[in-house]
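See below for the structure under consideration.
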Amino acid sequence: NESVYFSSRTIYIFAVLVVFCFFGLLYICNFSISNIIFKGKYYSFHRELSQPIELFFSNSIRPFCFILCLFYCLLGKNKYYKILLFILSSFIVMPTATARYMVGTLYIAVLLVCCKFFRKENVLSYILIGGILYVFPFLNQMRRTTIEKFDFSFNPKFFISAHFDSFFSYMQITNHGIITWGRQLIGTLLFFVPRSIWQDKPISSGHYYSEQLGANLNNVAVNYFAEGYINFGYLGIVIFVLFLAYYCAIMDTTYWKYNCFDNKNGFTILYFISFGLLFFILRGDLMSSFAYSIGLYAVIVFINCILKFTK
């Protein structure tokens with residue numbers, strides 16, 4: 001609950017780190033603007049990198065500048081620094097070349113930190129509905145390397161597309177009684193252990209479910225309720241729901257009890273980041289969403305520690 005602030009010393013430190021992130025992105029993308037702007041080209045290029053390096057860069061190094069921008073918008077005073085940081089961070093985390101969960105998580109947090117209007121009752125709910133109906137379908141077009149025509153209109157068929165496959169996966173898992181008795185949960189909690197060391201490490205629940213049913217496609221979403229079932233059956237659904245509800249209650253109570261937005265500390269950023277991550281975790285699968293959430297949380301803690309110990 002300790003308040004933090006930007007001193008001249010911390011500004012110099014973060015300036016160096018921001019330059020490192022900026023040129024790191026250019027280097028990894030082979031100094032190609034198209035690789036930075038379009039998701040299809042970005043991910044096809046990143047397949048050439050080793051998976052641990054690519055995951056660490058995409059989920060920790062790349063969003064560092066954006067999370068730093070959130071900190072400075074909350075704590076900083078120089079409006080020109082805020083504008084410059086936002087431009088750089090938006091270039092590094094380009095919405096058209098970034099996973100949709102990351103776009104939603106970071107840009108929702110920007111709206112909540114920078115604009116009081118978006119913190120009013122029900123406004124965030126309307127934004128999320130608009131994002132699901134218009135923004136996410138538009139960003140999905142960026143998965144292709146070539147786009148003949150951009151479509152920003154609302155199409156009701158979006159609701160019966162594969163984007164909502166996690167509901168179908170949930171019914172299939174319960175219908176076939178696919179239960180691992182906690183093995184998937186162990187793999188989620190120990191996501192940081194390399195497969196080179198743990199050769200029998202569990203695969204993601206979506207991949208596992210696809211293998212069990214003999215499906216050709218293994219990139220399948222498995223939602224949070226299905227994760228509960230695949231670990232401990234129907235009792236697992238109850239346990240998982242109670243745990244998530246308890247976690248959300250702690251976050252909400254802490255934010256309002258200590259008036260975190262006015263006290264100016266890292267928990268405020270973590271709280272706002274958690275809105276988008278909650279949707280990601282609910283959609284699944286849990287192994288990926290949990291690991292990526294920990295990556296973003298670690299960046300927040302890292303920045304908060306620098307602000308705390310280099311005053």
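Just so you know, these numbers come straight off a predicted model, no measurement behind them.
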Please report the closest heavy-atom contact between [X] and [Y], naming both atoms and the distance.
X	Y	result
V93	M102	CG1-CG, 4.2 Å
I250	T254	O-OG1, 2.7 Å
C21	F64	SG-CD2, 3.5 Å

Would you check if [X] and [Y] make a side-chain contact, meaning some heavy-atom pair closer than 4.5 Å?
X	Y	result
L185	F232	yes
L17	L68	no
L106	I67	yes
L70	V110	yes
I92	V18	no
R283	N223	no
Y292	L296	no
N231	T180	yes

I'd like to know if the side chain of [X] reaches the main chain of [Y], judged simply by a donor and an acceptor atom lying under 3.5 Å from each other, with no hydrogens or angles considered.
X	Y	result
S169	A221	yes
Q184	I203	yes
R195	K201	yes
T10	F6	no
N304	G266	yes
K82	L74	no

Could you give all pairs that pass the salt bridge (charged side-chain N to carboxylate O under 4.0 Å, His left out) test and reach residues 176-185, with sequence neighbours left out?
R183-D200

Give me each pair satisfying salt bridge (charged side-chain N to carboxylate O under 4.0 Å, His left out) with a member in residues 212-237, each pair once, sequence neighbours excluded.
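Of all non-adjacent pairs touching residues 212-237, none passes salt bridge (charged side-chain N to carboxylate O under 4.0 Å, His left out).
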
Could you tell me the separation between the [atom1] atom of [X] and the [atom2] atom of [Y], rounded to the nearest 0.5 Å?
X	Y	atom1	atom2	value
F243	C248	CZ	SG	10.0 Å
I294	L189	CD1	CG	9.5 Å
K79	C73	NZ	SG	13.5 Å
I230	S205	CD1	OG	4.5 Å
Y258	T268	OH	OG1	13.5 Å
L84	S89	CG	OG	9.0 Å

With sequence neighbours left out, which residue pairs that include part of residues 202-231 fulfil the ring-ring contact (aromatic ring centres under 6.0 Å, His included) condition?
Y224-F240, Y229-Y234

ring-ring contact (aromatic ring centres under 6.0 Å, His included) pairs, two or more places apart, involving residues 107-132:
F66-Y107

Show every donor-acceptor pair shorter than 3.5 Å between a side-chain atom in residues 269-281 and any protein atom, with sequence neighbours excluded, or say none if there are none.
unit_1	atom_1	unit_2	atom_2	d
Y271	OH	D252	OD1	2.6
S274	OG	L270	O	2.7
S274	OG	Y297	OH	2.6

Co-membership, hydrophobic cluster, residues [X] and [Y], 4.5 Å side-chain:
X	Y	answer
L286	V222	no
L128	L244	no
I239	Y170	no

Using ring centroids (six-membered ring only for Trp), state whether F71 and F14 fall under 6.0 Å.
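For F14 and F71, the ring centres are not under 6.0 Å apart.
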
Around atom CH2 of W256, are there more than 12 heavy atoms of other residues, nucleotides or ligands at under 6.0 Å?
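12 or below, so no.
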
Does the plane of the ring in F191 sit parallel, tilted or perpendicular to the ring in F290? Use 30° and 60° as the thresholds.
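Because their plane-to-plane angle is over 60°, the rings of F191 and F290 count as perpendicular.
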
L242: which other cluster members, linking ILVMFWY side chains closer than 4.5 Å, directly or transitively?
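Under the 4.5 Å side-chain rule, L242 groups with V238.
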
